[in-house]
Visitor: 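Got a structure for you, questions after.
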Amino acid sequence: MNQFEVTTLNEFILEQQAQFPNAEGDLSHLLHHVGTAAKIVNREVNKAGLVDILGNAGNTNVQGEEQKKLDIFANDHFINALHSCGEVCAIASEENESFILFDDDMARNGKYVFLMDPLDGSSNIDVNVSIGTIFSIYKRKSAIGEQATMDDFLQPGTQQVAAGYILYGSSTMLVYTTGQGNYGFTLDPSIGEFCLSHRQIQTPENGNIYSINEGNYLKFPAGVKQYIKYCQEKDASTNRPYSSRYIGSLVADVHRNLLKGGIFIYPETESAPKGKLRLLYECNPIAFIIEQAEGQATCGPQRIMEVEPTSLHQRTPFYAGSSNMVNKVEEFLSVFG
Ligand code: P6P
């Protein structure tokens with residue numbers, strides 16, 4: 001590919017579809033609309049400081065977290081874009097207590113359900129720190145033409161047909177997988193297109209970055225405390241001490257570690273015995289990307305994509321990143337608990 005050849009997201013989606021002769025184009029059509037919604041949200045995120053869209057919307061979401069106006073903007077635009085595409089019969093969002101049913105004739109025939117955290121890390125909006133959208137797509141279990149049910153959403157991560165994130169950072173990137181590797185697209189504002197910039201993203205099996213909120217150290221499990229000590233010990237043969245890097249925005253922390261190598265940990269703590277992050281629309285989609293990159297993602301004792309979900313907003317401990325680093329923390333957890 002010469003320096004002038006540009007592959008847009010939509011061209012790439014169609015190229016990928018062409019590899020599957022039986023593909024009907026439904027998922028391609030859905031992913032196209034994800035890209036469109038991402039551009040709309042990006043436009044507002046990029047000017048959040050200039051218009052009255054910063055700050056709090058004056059209410060809280062189902063998590064009891066203060067809703068930022070951009071949270072609501074992003075939620076609304078992804079819901080509208082995915083409703084209009086006709087491929088999705090229902091959506092679950094961090095911002096909504098139950099799933100949103102699309103009960104019109106077109107959407108009722110949608111093959112897929114869509115789960116999302118429309119604007120993760122939104123507490124960073126006002127201080128201009130990178131934020132992200134995280135999404136996960138499943139084939140519905142309920143019959144086409146029927147109303148979607150909760151069972152359509154409570155599927156293990158291994159059943160995802162696609163997943164990804166949009167990182168609104170120094171540049172805006174969309175990274176997604178359909179199980180055929182990870183592909184990264186960088187938004188070129190001059191042409192308003194996501195352009196292929198990262199083919200087959202793989203994560204190094206070893207890294208020297210660990211990401212964890214050490215402010216919670218005293219509440220961590222003993223095995224996590226021991227692992228943090230391991231990261232900080234000097235040992236040239238294993239490139240230690242590692243660097244501690246924590247942005248406090250999941251997509252930003254994960255994306256950096258994905259490209260450079262590293263481990264992200266949000267464990268259970270005494271105050272959050274099930275962890276903080278959400279299984280269905282934060283951890284499972286990130287885990288799909290990480291496993292496609294040859295990394296690992298667990299909840300401690302188990303591969304996180306094998307966890308059988310029991311509720312829409314359930315939380316989970318999360319250990320994810322370079323495979324040898326996840327193995328190492330698992331060793332400490334098995335010895336120290
Ligand atoms: P803490 C943001 O609120 C978020 O959901 C993730 O994006 C991030 O990784 C985590 O919470 C940060 O949580 O407790 O370290 O501030």
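These figures come from a predicted structure and were not determined experimentally. In listed order, ligands and their atoms are each counted from 1. Hydrogens, waters and symmetry mates play no part in the numbers below; they use all other heavy atoms, side chains included.
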Visitor: Answer yes when Asp253 and Arg245 have at least one side-chain N-carboxylate O distance shorter than 4.0 Å, and no when they do not.
Guide: no

Visitor: Can an N or O of Asn216 be found at a distance shorter than 3.5 Å from an N or O of ligand 1?
Guide: no

Visitor: For Ser271, does its backbone N or O pair with a side-chain atom of Lys219 as donor and acceptor, under 3.5 Å?
Guide: no

Visitor: Is there a chain of hydrophobic side chains (I, L, V, M, F, W, Y, each step under 4.5 Å between heavy atoms) that links Phe264 to Val251?
Guide: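 Yes, one cluster joins them.
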
Visitor: Would you say Leu277 has any N or O atom under 3.5 Å from an N or O of ligand 1, going by distance alone?
Guide: no

Visitor: Within the side chain of Ser322, is there an N or O that forms a donor-acceptor pair under 3.5 Å with the backbone of Gly261?
Guide: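 Answer holds: no.
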
Visitor: For ligand 1, is there an N or O atom under 3.5 Å from any N or O atom of Ser249?
Guide: no

Visitor: If the cut-off is 4.0 Å to any non-hydrogen atom of Phe264, which atoms of ligand 1 fall inside it?
Guide: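 So the atoms of ligand 1 that pass are 9 (O).
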
Visitor: Would you please classify the geometry between the His29 ring and the His32 ring as parallel, tilted or perpendicular, with 30° and 60° separating the classes?
Guide: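 His32 vs His29 ring planes: parallel.
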
Visitor: Would you please indicate if the ring centroids of Phe153 and Tyr138 are separated by under 6.0 Å?
Guide: no

Visitor: Give the contacting part of Leu250 toward ligand 1: side chain, backbone, both or neither, where contact means a heavy-atom distance below 4.0 Å.
Guide: both

Visitor: Give the numbers and elements of all ligand 1 atoms closer than 4.0 Å to a heavy atom of Asn213.
Guide: 1 (P), 14 (O), 15 (O)

Visitor: Give me the nearest non-hydrogen protein atom to atom 11 (O) of ligand 1 as residue plus atom name, then the distance to 0.1 Å.
Guide: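 The answer is Lys276 NZ, 3.0 Å.
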
Visitor: So that I can tick it off, tell me whether Asp151 and Lys141 are bridged by a salt bridge, with the cut-off set at under 4.0 angstrom between side-chain N and carboxylate O.
Guide: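 Salt bridge flag = no for Asp151 with Lys141.
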
Visitor: Quick check against the 3.5 Å criterion: does Gln19 have a side-chain atom that pairs as donor or acceptor with the backbone of Gln16?
Guide: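 Flag not set: sc Gln19 to bb Gln16 has no pair under 3.5 Å.
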
Visitor: Please say whether Asp120 places an N or O atom under 3.5 Å from an N or O atom belonging to ligand 1.
Guide: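 Between Asp120 and ligand 1 (N or O atoms, distance only) the closest approach is under 3.5 Å.
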
Visitor: If we set the cut-off at 4.0 Å for heavy atoms, which region of Phe318 has an atom near ligand 1: side chain, backbone, both, or neither?
Guide: neither

Visitor: How close does the nearest protein non-hydrogen atom get to atom 14 (O) of ligand 1, and which residue and atom is it?
Guide: Tyr266 OH, 2.6 Å

Visitor: List every atom of ligand 1 that sits less than 4.0 Å from any heavy atom of Tyr246, numbering the atoms from 1 in the order shown and giving each element.
Guide: 1 (P), 12 (C), 13 (O), 15 (O)

